[in-house]
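These notes are about the structure you will find just below.
Below, read A as the first sequence line, B as the second, and so on, with proteins coming before strands; counting in each chain starts at 1. Because the structure is predicted, anything quoted here is derived from the model rather than measured.
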Number of protein chains: 2
Amino acid sequence: MATAAILIIGNEILSGRTRDANVAFLGAELAARGITLAEVRIVRDDSDAIVAALNELRRHFTYVFTSGGIGPTHDDITSAAVASAFGVALKRNPEAEACLRTRYAANEMNAARLKMADIPQGATLIDNPVSQAPGFRLDNVFVLAGVPRILQAMFDGIKGGLAGGPPQHSRSITLAAREGDLAEGLAAIQTAHPETEIGSYPSFTEGRSLVTVVARGTDPAMLDNVLAETRALAVRLRAAVLDP
Amino acid sequence: MATAAILIIGNEILSGRTRDANVAFLGAELAARGITLAEVRIVRDDSDAIVAALNELRRHFTYVFTSGGIGPTHDDITSAAVASAFGVALKRNPEAEACLRTRYAANEMNAARLKMADIPQGATLIDNPVSQAPGFRLDNVFVLAGVPRILQAMFDGIKGGLAGGPPQHSRSITLAAREGDLAEGLAAIQTAHPETEIGSYPSFTEGRSLVTVVARGTDPAMLDNVLAETRALAVRLRAAVLDP
């Protein structure tokens with residue numbers, strides 16, 4: 001089974017200043033390609049932390065996607081940290097420099113912008129159609145921008161090359177019930193369908209206890225069965241089913 | 001320096017179905033107590049993954065806060081995994097059971113709800129004023145609910161016992177500029193203020209390139225200096241300063 005991890009690099013995500021939007025995007029895109037997103041890590045703009053996390057993740061998972069820290073400012077240290085993690089040199093990449101020179105006039109080019117052309121040796125560039133500064137791939141690690149619009153455009157260019165499996169589908173149903181009343185019946189449905197992953201998510205809306213049951217798996221017919229059994233459980237418990 | 005990590009447990013966060021709201025809350029609360037949130041991990045509802053992550057994090061950081069997986073359904077496996085990670089037994093806790101019995105009438109009590117009273121041996125309970133099922137603390141690990149309202153109420157009860165340091169403050173300013181034009185001047189400001197953490201966050205709004213500069217540290221006067229120098233940099237670059 002193909003698995004993936006995301007390594008998000010950036011103090012601003014940890015401080016809560018910026019809310020991550022890339023996990024939801026990548027999680028859905030990977031599921032559609034039959035790749036299970038198994039772990040996400042968020043670390044600070046700290047070289048040791050990035051190196052340690054990256055070296056662990058790239059050995060455990062089929063693919064690792066990093067997000068953030070490849071811009072021109074002093075706090076953008078991802079490329080250098082990735083080079084350290086792989087034990088390779090960080091070098092000015094002529095192809096990356098040429099990309100940047102299509103965007104910036106000669107009088108706009110400076111050392112900070114050129115830093116974005118410093119790429120670990122042996123890496124393959126990832127096209128950035130939004131703002132030209134490229135990402136790159138090294139072995140099973142894809143280094144992407146943190147800005148969602150750019151990350152999405154970069155992913156669009158690489159997704160065709162990912163080896164996955166049958167797409168993962170999901171179905172959900174929301175019941176007006178409390179989790180503790182559903183739990184036993186839901187556990188029985190899960191036991192009867194070991195190939196389907198069944199999740200139960202409580203919420204409280206307008207004073208009402210709701211539970212959303214989500215079924216995930218590769219066989220849509222099986223997911224429909226799980227949902228039908230969950231509806232039958234709701235009838236037994238006299239719990240209303242809310243239309244999604 | 002006191003540091004912390006958050007371990008978020010739940011397939012629903014990885015699938016993008018549910019967007020995490022606990023990192024932003026805990027990050028801000030911890031910063032206010034002088035505790036640096038250094039890492040976040042999100043793992044699946046998988047015992048091995050939870051055990052491995054927890055054992056790494058609790059050795060690296062002053063405090064670990066877990067979020068999610070302590071409810072009554074089959075996919076709630078956090079308490080059992082925490083017991084495994086610490087090598088202690090998971091046992092019915094009479095105090096936790098008493099809490100649950102204040103909420104549920106005798107005819108509502110069932111095995112699934114009682115599961116929420118199974119707590120690793122040696123743990124101290126964390127009060128849950130919202131829905132009674134308690135969290136718990138074991139050594140430097142705080143096991144909290146995933147539902148934000150409950151996590152926040154639980155944190156409210158434990159925050160007084162956390163040993164931190166001087167509160168971390170932040171200041172920010174937004175300039176109508178491109179990062180590559182600011183980078184050199186900003187790096188000089190960072191070099192002059194090593195005790196302040198200066199971050200640079202680009203965005204594109206209504207066709208305009210903006211950069212928000214965030215300064216963080218324990219000395220508010222120093223942060224004001226950093227912001228004043230950033231304003232002066234903006235003047236030199238003829239970049240408009242947007243009121244926050």
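- In this structure, chain A has heavy atoms under 4.5 Å from both the backbone and the side chain of B/Ala38.
- Considering every non-hydrogen atom in both A/Val23 and B/Ile13, the closest pair reads CG1-O, 3.9 Å.
- Rounding to the nearest 0.5 angstrom, the gap separating the CD1 atom in A/Ile150 from the CZ atom in B/Phe204 is 5.0 Å.
- If you tally non-hydrogen atom pairs under 4.5 Å between each of A/Pro202, A/Ser15, A/Ala53 and chain B, the highest count goes to A/Ser15.
- Contact annotation for B/Asp46: neither backbone nor side-chain heavy atoms come within less than 4.5 Å of a heavy atom of chain A.
- Within 6.0 Å of the CZ atom in A/Arg92, the count of heavy atoms belonging to other residues, nucleotides or ligands exceeds 12.
- Here A/Asp45 contributes atom CG and B/Glu197 contributes atom CD; the two are 7.5 Å apart, rounded to the nearest 0.5 Å.
- Minimum heavy-atom separation, A/Arg19 to B/Asp20: NH2-O, 3.2 Å.
- Here the OG1 atom belonging to A/Thr73 is positioned 11.0 Å from the CD1 atom belonging to B/Ile198, to the nearest 0.5 angstrom.
- Taking both residues in full, the closest heavy atoms of A/Gly180 and B/Ala112 are given as O-CB, 4.1 Å, listed atom of the first, atom of the second, then distance.
- In this structure, A/Val40 and B/Leu14 have side chains that are in contact, with non-hydrogen atoms separated by less than 4.5 Å.
- Taking both residues in full, the closest heavy atoms of B/Asp75 and A/Gly199 are given as OD2-CA, 3.3 Å, listed atom of the first, atom of the second, then distance.
- A/Arg17 places no side-chain N or O within 3.5 Å of a backbone atom of B/Val214 that could act as its donor or acceptor partner.
- You'll find the side chain of B/Ile42 stays beyond 4.5 Å of the side chain of A/Glu39, heavy atoms only.
- Per-residue heavy-atom pair counts under 4.5 Å with chain A were compared for B/Leu37, B/Thr212, B/Asp76, and the maximum is reached by B/Leu37.
- In this structure, the portions of B/Glu12 lying under 4.5 Å from any heavy atom of chain A include both its backbone and its side chain.
- Nearest heavy atom pair, residue A/Pro72 against residue B/Ala183, reads O-CB, 3.5 Å.
- With a 4.5 Å cut-off on non-hydrogen atoms, B/Ala111 does not touch chain A at all.
- Proximity to chain A is limited to the side chain of B/Tyr104, based on heavy atoms less than 4.5 angstrom apart.
- For the atom pair A/Thr36 OG1 and B/Asn11 CG, the distance stands at 9.5 Å (nearest 0.5 Å).
- A donor and an acceptor atom, one from each side chain of A/Glu184 and B/Asn110, are nowhere located under 3.5 Å apart.
- Going from atom OG of B/Ser203 over to atom CZ of A/Arg149 covers 10.5 Å, rounded to the nearest 0.5 Å.
- Interface residue B/Ala21: backbone and side-chain heavy atoms are both found under 4.5 Å from chain A.
- Counting only heavy atoms from C-beta outward, the side chains of A/Arg113 and B/Arg178 approach each other to under 4.5 Å.
- Contact annotation for A/Ala187: both backbone and side-chain heavy atoms come within less than 4.5 Å of a heavy atom of chain B.
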